[in-house]
Amino acid sequence: MLDIKFLRSQLDQVKSALRKRHSTIDLESFLKTDVQRRSLLQEVEELKGLRNKTSAEVAQKKRNNDDVSELLEQMASVSKRIKVLDGELKEVDTRTREFLLTIPNIPHGDVPVGRDENDNRIERFWGKKPTLDFPPKEHWELGTDLGGLDFPRATKLTGSRFVVLKGWAARMERALINFMIDVHTHEHGYTEIMPPVIVNKDSLLGTGQLPKFAEDLFKLENSDYYLIPTAEVPLTNLFRDEILNEEDLPCALTAFTPCFRSEAGSYGKDTKGIIRQHQFDKVEMVRIAHPDHSYEDLELLVGHAEDILQKLGLHYRVVTLCTGDLGFSAAKTYDIEVWLPGQNKYREISSCSNCEDFQGRRANIRFNPKGSTKKLLVHTLNGSGLAVGRTMVAIIENYQQKDGSVVIPDVLRPYMDGIDIIQPR
RNA sequence: GGAGAGGUAGCGAAGUCCGGCCGUAACGCGCUCGACUCGAAAUCGAGUUAUCCGCAAGGGUACGUGGGUUCGAAUCCCACCCUCUCCGCCA
């Protein structure tokens with residue numbers, strides 16, 4: 001959510017930011033509502049001031065046994081008027097708030113202006129593509145042949161875009177989760193959290209999934225509960241409506257959770273394999289940061305995600321998302337794209353964002369700066385560290401051998417009973 | 001699911017029966033500053049809600065949420081939400 005004062009005073013800047021995002025939000029009619037709101041507010045506040053003053057007078061006169069009938073008569077009509085105006089004001093207030101909740105964040109000045117992923121800026125590469133002296137296979141073919149991925153049965157159990165992991169694949173999923181969490185907690189200074197994976201509406205409003213993106217979520221019937229699309233939601237909302245101490249910043253949290261996405265509007269995309277599922281595992285990192293240092297924190301965060309890929313020996317590149325590709329709540333986002341030889345493509349495996357105070361304002365997360373009584377909004381950052389299923393895809397495709405076997409990366413072997421290779425049956 | 005208790009500032013909590021002199025909200029804790037001290041503890045003193053409109057002066061709002069009664073509601077009435085305790089059920 002943007003600061004309404006900022007919106008009023010820096011209208012041109014906001015308009016230009018929205019244009020860069022290719023957003024078609026109508027600010028003009030909103031501003032008219034805002035003017036209306038403020039004039040209503042002034043009128044009703046004046047009347048309430050009068051009412052309060054007169055009420056005190058009534059109390060005083062009654063104590064002296066003076067006649068108050070005239071005052072009571074006057075105030076009856078004032079109160080009626082207040083009730084009418086309060087009703088109008090409430091309606092306008094609701095509209096204002098709902099509108100503010102639909103405006104996306106303003107991109108950071110460093111973010112390249114562009115339309116879609118083709119305009120993203122490549123920042124750096126790490127590692128090299130593996131040299132394979134045979135035509136590489138895609139992960140679903142290898143995974144199925146090796147008996148680890150079972151798509152038909154997942155379809156039977158549930159439907160499309162689900163998978164059953166079996167044997168070594170189930171084991172690798174669990175190994176990856178433990179490996180990632182261990183690195184983040186032992187080497188990167190994160191505190192591990194096991195949050196609920198079902199959250200309420202306020203939490204989703206706080207991080208920006210609602211009200212605009214309800215169709216992307218799974219909602220539970222007969223309640224206002226939703227399955228989380230990412231652990232960013234529970235981790236960031238841990239501090240909703242709280243006031244933190246300045247010395248507790250930055251607060252770094254990590255969590256493994258399953259994530260649930262309806263994937264509405266992605267019907268033709270990635271229908272094969274486990275790249276795009278309705279349910280997937282992810283290790284998430286969240287940082288609640290001091291506003292003066294949040295961009296340093298963003299570099300740390302993306303570095304922590306990169307470290308996982310480096311330890312696994314997977315080639316990747318880092319890109320800065322352009323304005324057209326940027327998510328709703330983010331001011332700046334780095335995507336990490338891992339190389340997939342089977343698909344002959346770089347694919348997103350982590351997304352690391354600084355939301356600045358956008359979520360902080362929505363979720364009302366503040367901190368107490370030393371030597372000041374004024375409470376300030378925190379900056380919030382989140383990043384995958386990493387998407388577990390996609391990491392398995394990357395391992396399968398990058399470490400595949402000519403005979404269809406898959407070598408296990410060194411760092412993962414202690415997590416898999418020392419297994420060094422998955423052999424075809 | 002049943003019974004009971006509760007929701008007031010950063011935290012705990014008084015106030016609710018009996019509406020106005022109680023929301024810049026008693027009292028306690030915490031926090032900040034100061035005094036004492038070589039320093040600290042203890043003690044003493046001062047300060048400390050948030051938010052909105054307004055250039056300002058000033059004013060408004062908020063006692064879980066939403067309604068109602070009233071000139072006036074933390075306080076009375078109605079509905080709902082949440083938390084805790086006990087009972088039942090349950091991995």
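Lettering of chains follows the sequences in order, A, B, ..., and the numbering in each one begins at 1. These figures come from a predicted structure and were not determined experimentally.
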| said: Check this for me: does the side-chain of A/Glu45 come within 3.5 Å of the base of B/G59 through a donor and an acceptor? | reply: yes
Mind checking the [atom1] distance from [N] to [M]? Whole angstroms is fine.
N: B/U70; M: B/U75; atom1: C1'; result: 13 Å
N: B/U48; M: B/U24; atom1: P; result: 13 Å
N: B/A3; M: B/C21; atom1: C1'; result: 41 Å

Under 4.0 Å between a side-chain N or O of [X] and OP1 or OP2 of [N]?
X: A/Arg81; N: B/C71; result: no
X: A/Asn52; N: B/U61; result: yes
X: A/Arg366; N: B/U51; result: yes
X: A/Lys375; N: B/A50; result: yes

| Aromatic rings A/Phe162 and A/His278: how do their planes relate, parallel, tilted or perpendicular, breaks at 30° and 60°? | tilted
Determine which nucleotide pairs with [N], using a 3.5 Å limit on both distances of a Watson-Crick or G-U wobble pair.
N: B/G20; result: B/C71
N: B/U83; result: B/A5
N: B/C11; result: B/G28
N: B/G39; result: none
N: B/G45; result: B/C33
N: B/G58; result: B/C53

Ion pair present between [X] and [Y], side-chain N to carboxylate O less than 4.0 angstrom?
X: A/Lys311; Y: A/Asp307; answer: yes
X: A/Arg115; Y: A/Asp325; answer: no
X: A/Lys219; Y: A/Glu221; answer: no
X: A/Lys90; Y: A/Asp93; answer: no

N/O to N/O distances under 3.5 Å, protein versus nucleotides 16-21 of chain B:
| from | atom 1 | to | atom 2 | distance (Å) |
| --- | --- | --- | --- | --- |
| B/G20 | O6 | A/Lys62 | NZ | 3.0 |
| B/G20 | N2 | A/Ser55 | O | 3.1 |

| task | Select one nucleotide: of B/A50, B/G54, B/C71, the one nearest the side-chain heavy atoms of A/Arg38. | result | B/G54
| field | Nucleotide of B/A50, B/C53, B/C71 approaching A/Leu72 most closely (side-chain heavy atoms) | value |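 Closest of the options to the side chain of A/Leu72: B/C71.
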| said: Would the distance check show the side chain of A/Ser23 and the main-chain N or O of A/Arg19 forming a donor-acceptor pair, the cut-off being under 3.5 Å? | reply: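 Absent.
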Touch class at under 4.0 angstrom, heavy-atom based, for [X] against every strand present:
X: A/Lys5; answer: sugar-phosphate
X: A/Lys83; answer: sugar-phosphate
X: A/Lys90; answer: sugar-phosphate
X: A/Arg97; answer: nothing

Give the table of side-chain donor-acceptor pairs shorter than 3.5 Å for residues 255-264 of chain A, with sequence neighbours excluded, one pair per line with atom names and distance.
| from | atom 1 | to | atom 2 | distance (Å) |
| --- | --- | --- | --- | --- |
| A/Arg261 | NE | A/Pro229 | O | 2.9 |
| A/Arg261 | NH2 | A/Pro229 | O | 3.0 |
| A/Ser262 | OG | A/Glu215 | O | 2.5 |
| A/Ser262 | OG | A/Asp216 | O | 3.4 |
| A/Ser262 | OG | A/Ala264 | N | 3.4 |
| A/Glu263 | OE1 | A/Ser266 | OG | 3.3 |

Side chains of residues 387-396 of chain A: which donor-acceptor partners sit under 3.5 Å, not counting sequence neighbours?
| from | atom 1 | to | atom 2 | distance (Å) |
| --- | --- | --- | --- | --- |
| A/Arg390 | NE | A/Ile275 | O | 3.0 |
| A/Arg390 | NH1 | A/Glu348 | O | 2.9 |
| A/Arg390 | NH2 | A/Ile275 | O | 2.9 |
| A/Thr391 | OG1 | A/Ala387 | O | 2.6 |

